[in-house]
Engineer: 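Here it is, the structure in full.
Side-chain atoms are counted along with the backbone in the values below, which use heavy atoms only and exclude waters and symmetry mates. Convention: sequence-line order gives letters A, B, ...; per-chain numbering from 1.
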Amino acid sequence: MYILGISCFYHDASASLLKDGKIIAAAQEERFTRKKHDISFPINSIKFCLDYAKININQIDYIAYYEKPLQKFERILYQSIEKFPFSFNMFYRAMPSWLNEKLKIRKIVRKKLGYKKDIFFIEHHLCHAASSYLISPFKESAIMTIDGVGEWDTTTLGYAKDNKITINKRLIFPHSIGLLYSTVTAYLGFSVNNSEYKVMGLSSYGRTNKDNPYYYKFKKLITIKEDGSFELDMSYFSYHYKVYMPSKKFIREFGPIRKKESRVERRHKDIAAALQLITEEVMLKTLKHLYKETKCENLCIAGGVALNSVANGKILKNTPFKNIYIQPDAGDGGTSMGAALYSYYSLLNSAKEREVLKNAFLGPDYSNEEIKKFLDGNNIKYTEYSYSKELIKDVTDFLLKDKVIGWFQGRMEWGPRALGNRSILSNPTNPEMQEILNLKVKHREKFRPFAPVVCEDDAKKYFECDIPIPKPTDFMLMVYPIKKQFQKEIPAVTHVDGSGRLQTIRKEDNSLYYDLIKEFGRYTGTSILINTSFNIRGEPIVLSPYYAYRCMMGTGIDYLVLDKFLIKREDNPEHIWDSEKLAKD
Amino acid sequence: MATQVGNKVQQFYNQSPFPDYELEKFNSKKDLEIAAYPFARILDKSIPKNASILDIGTGTGQLSAFLSLRRKCVWGIDFSDSSLNKAEKLKEKLNLGSWHLKKVDILDINQIKKIGVKFDYILCLGVLHHTGDAYKGFKNILELLKPNGFIAIGLYNKFGRIPLKTRKLLTKTIFKNNQKVKDYFIRLQIGNLKDKERARGWWNDQYLHPHETTHTIGEVLRWFKKNSIEYYETIPSSVPYIQSDVEICGVWNKSKSPNSLIRFYKQLKWIHQTSKEGGYWITFGRKKC
């Protein structure tokens, strides 16, 4: 049985294909259209899913959509009426897309895809819950979903056993930790629904204890109760009737808004730190309450806020939960997968045994011949390796010389992080590497750290992580403190507060990558590499050899490894162009 | 095609077979697959594996050869000997048993009747506008279509062809033999010039062809009506609302035929939209039983 999950028209459009309960292909639309956080109907992702499974649309048994559009429409109308006439602008801007697209999902799916069978519409937060739990290894689990807003819900608590997911408690709009985070993101001069992770990175520079005066200011606008539920004082916000911007009252309390690209002051760092403190407080209190209610040691979380890896790293230490699972794309992109999974296991009850997601490599891949054809067709000079050992040896050599490597292998990752198939790698032991990377490739803000990748068996040597190491570290979703004695050894990936966003890698998932890290460790004594996504700032991660090559030639990446082909920058000087101008927020 | 136009066209194709390619490029069936154009892949997806196909004006046969890879019965007919010779060579080289080639003049009803086989699918892409009598050709080929069979007709559009006709006039009158202008015009249509053969093929086909006619959507709709062919859709789309995605749904999707106002509006748009293809558009239909 094939089920296709679709998510679109809000942010991060994506499609996932399920074959008899197993996810065989999934991808975000942004990678194909090259528009970051693309929201359009994910036609390219769907094409990829069908092509990958070698089926046509008539073989799809069900299509699952990630929300209930009418309920959401009801909320929009309610918001508009409540704050009329201030809400008129929002109403006026939102209506065309509601009338042309969002309320016509059924028609669009039928027409565009020529699909004739049933379509399921599944509640947004249920999709989140399913996206995490139904691919986790747990037989039963407590579930927390937390994001901006779905139809009405902003935070839900639930419990799942076997294939049955129930949501027991919910907080509804406008009280939302996700929207609070987004508002502060806008206030700090970053782009909403995109740069929240920058605020998270910035938070480590501020005062992360309760001496931070902004913590008390935040306390004025949010009332957190013992069970973790909270209430926002809506006079500080305007997202419920306008754009994601703080109200005048908020600005009076916190000072003027930071302009885009202007200097980051101490005040901004403190605000980010206080916001992070509040978020963690809410999350941890909620989770403690959830444990009390469910008495279950397993935890699945999902939703946009579950991408807050700093908070995630603190969960097992500070709550009674013993095991945690988060799916690679915990944000809205992941809901297409959740919708399909929920349809198969819970609605149709098609199977008892669930398939655990082994790794996040679910996207398109390119065969040796295709890559070769691309390279030959564009007169690109390259070296082909027959043995991976030789390739690893040479790449290690380059890494030791502080070169920057574009690493392109196999299937593209699912989710917002590059996990070793579309990555840029470099040497973490050089203290200047962060600056070199920023200068050569990423052109990103100075305060943003780079992430380390470690073999799973070495992780506990370098990090003060939970033991056993939770699965979400494979997806770069947990931040842990780096052990004191190693902080100086790997300065390029040690954040200002001594932490690192850990990514672990297992041999069975990606053996070439694993071997490379080990080989690097043999020479330096430190089996860690810098792993950052293969893109320029503001662009989606590269999809195909063409975009990888383009990215390399537009930046300062020295070597590109496409499968078993090595491309040297100095061999192909005629293709170089300047990418700095392309870097966006 | 014993007419003057017919002779001219036949002579032209004998001198420059179309689509031209180097036989050495194809050493195995896989090469044929790699070289297939996106539209050929879409057609391959849209036509069931057990269907029989007739490709009219197959030329050197790249499309029909590709379609025959996964099918039992694919015919390619043409009236140029040298094109067919090249196709025969390809057939022998790759050992394509399910691909049949035959010399037929579609304006001669006797030759058509001699074929004696009827097909599920008829593709007549970019042929009728070079025959001298497009409607007669269209009527004749319907003889070969089974009831409930599908048909695709590719023609030059009266509106869409305007930019190319202008360029053609310019090269004939002002920029005589100016290689730079010629290169620029080819680049406009096919992107890069690295593929010399393709560039030459395009130039011959688009700028040096001895005979071409242009047609409108309305005309084709009337042909369909007269011969009880049901209209399905066109590529590019001739309706203003969402159209099915051809890569997923295939190309034979039933939709409402556009009225004259919409047709006019859409064809005006095609002047820009199809300028790359020289105003080329395809109409899909199905024979009523």
Engineer: Within a reach of under 6.0 Å around NZ of Lys49(B), are more than 12 heavy atoms found that belong to other residues, nucleotides or ligands?
Structural biologist: yes
Engineer: Between Gln243(B) and Lys112(A), is any pair of side-chain heavy atoms under 4.5 Å apart?
Structural biologist: no
Engineer: When you look at NZ of Lys22(A), are more than 12 heavy atoms from neighbouring residues, nucleotides or ligands closer to it than 6.0 Å?
Structural biologist: no
Engineer: Does the pair Lys45(B)/Asp51(A) count as a salt bridge with the N-to-O cut at 4.0 Å?
Structural biologist: yes
Engineer: Counting only heavy atoms not in Lys19(A) (residues, nucleotides, ligands), do more than 12 fall under 6.0 Å from its NZ?
Structural biologist: no
Engineer: Need one label for Lys373(A): side chain, backbone, both or neither, based on atoms under 4.5 Å from any heavy atom in chain B.
Structural biologist: side chain
Engineer: Take atom CZ in Phe264(B); do more than 12 heavy atoms of anything else shown fall under 6.0 Å from it?
Structural biologist: no
Engineer: Step by step, work out the side chain to side chain contact (heavy atoms under 4.5 Å, CB included) result for Glu247(B) and Leu50(A).
Structural biologist: CA-CA 10 Å; Glu247(B) 278 183 54; Leu50(A) 296 177; over 6 Å; no
Engineer: Shortest non-hydrogen contact from Gly114(A) to Cys249(B)?
Structural biologist: N-SG, 3.3 Å
Engineer: Measure from the side-chain N and O atoms of Ser244(B) to the backbone N and O of Lys111(A), and report whether any donor-acceptor pair falls under 3.5 Å.
Structural biologist: yes
Engineer: What part of Glu370(A) gets closer than 4.5 Å to chain B, counting heavy atoms only: side chain, backbone, both or neither?
Structural biologist: neither
Engineer: How about NZ on Lys93(B), more than 12 heavy atoms from neighbouring residues, nucleotides or ligands closer than 6.0 Å, or not?
Structural biologist: yes
Engineer: Is the NZ atom of Lys117(A) crowded by more than 12 outside heavy atoms at less than 6.0 Å?
Structural biologist: yes
Engineer: Using the rule given for side chain to side chain contact (heavy atoms under 4.5 Å, CB included), can you reason through Leu113(A) versus Asp245(B), listing the C-alpha separation, both sets of side-chain angles and the distance that settles it, and then say yes or no?
Structural biologist: CA-CA 6 Å; Leu113(A) 305 181; Asp245(B) 189 279; 5.5 Å; no
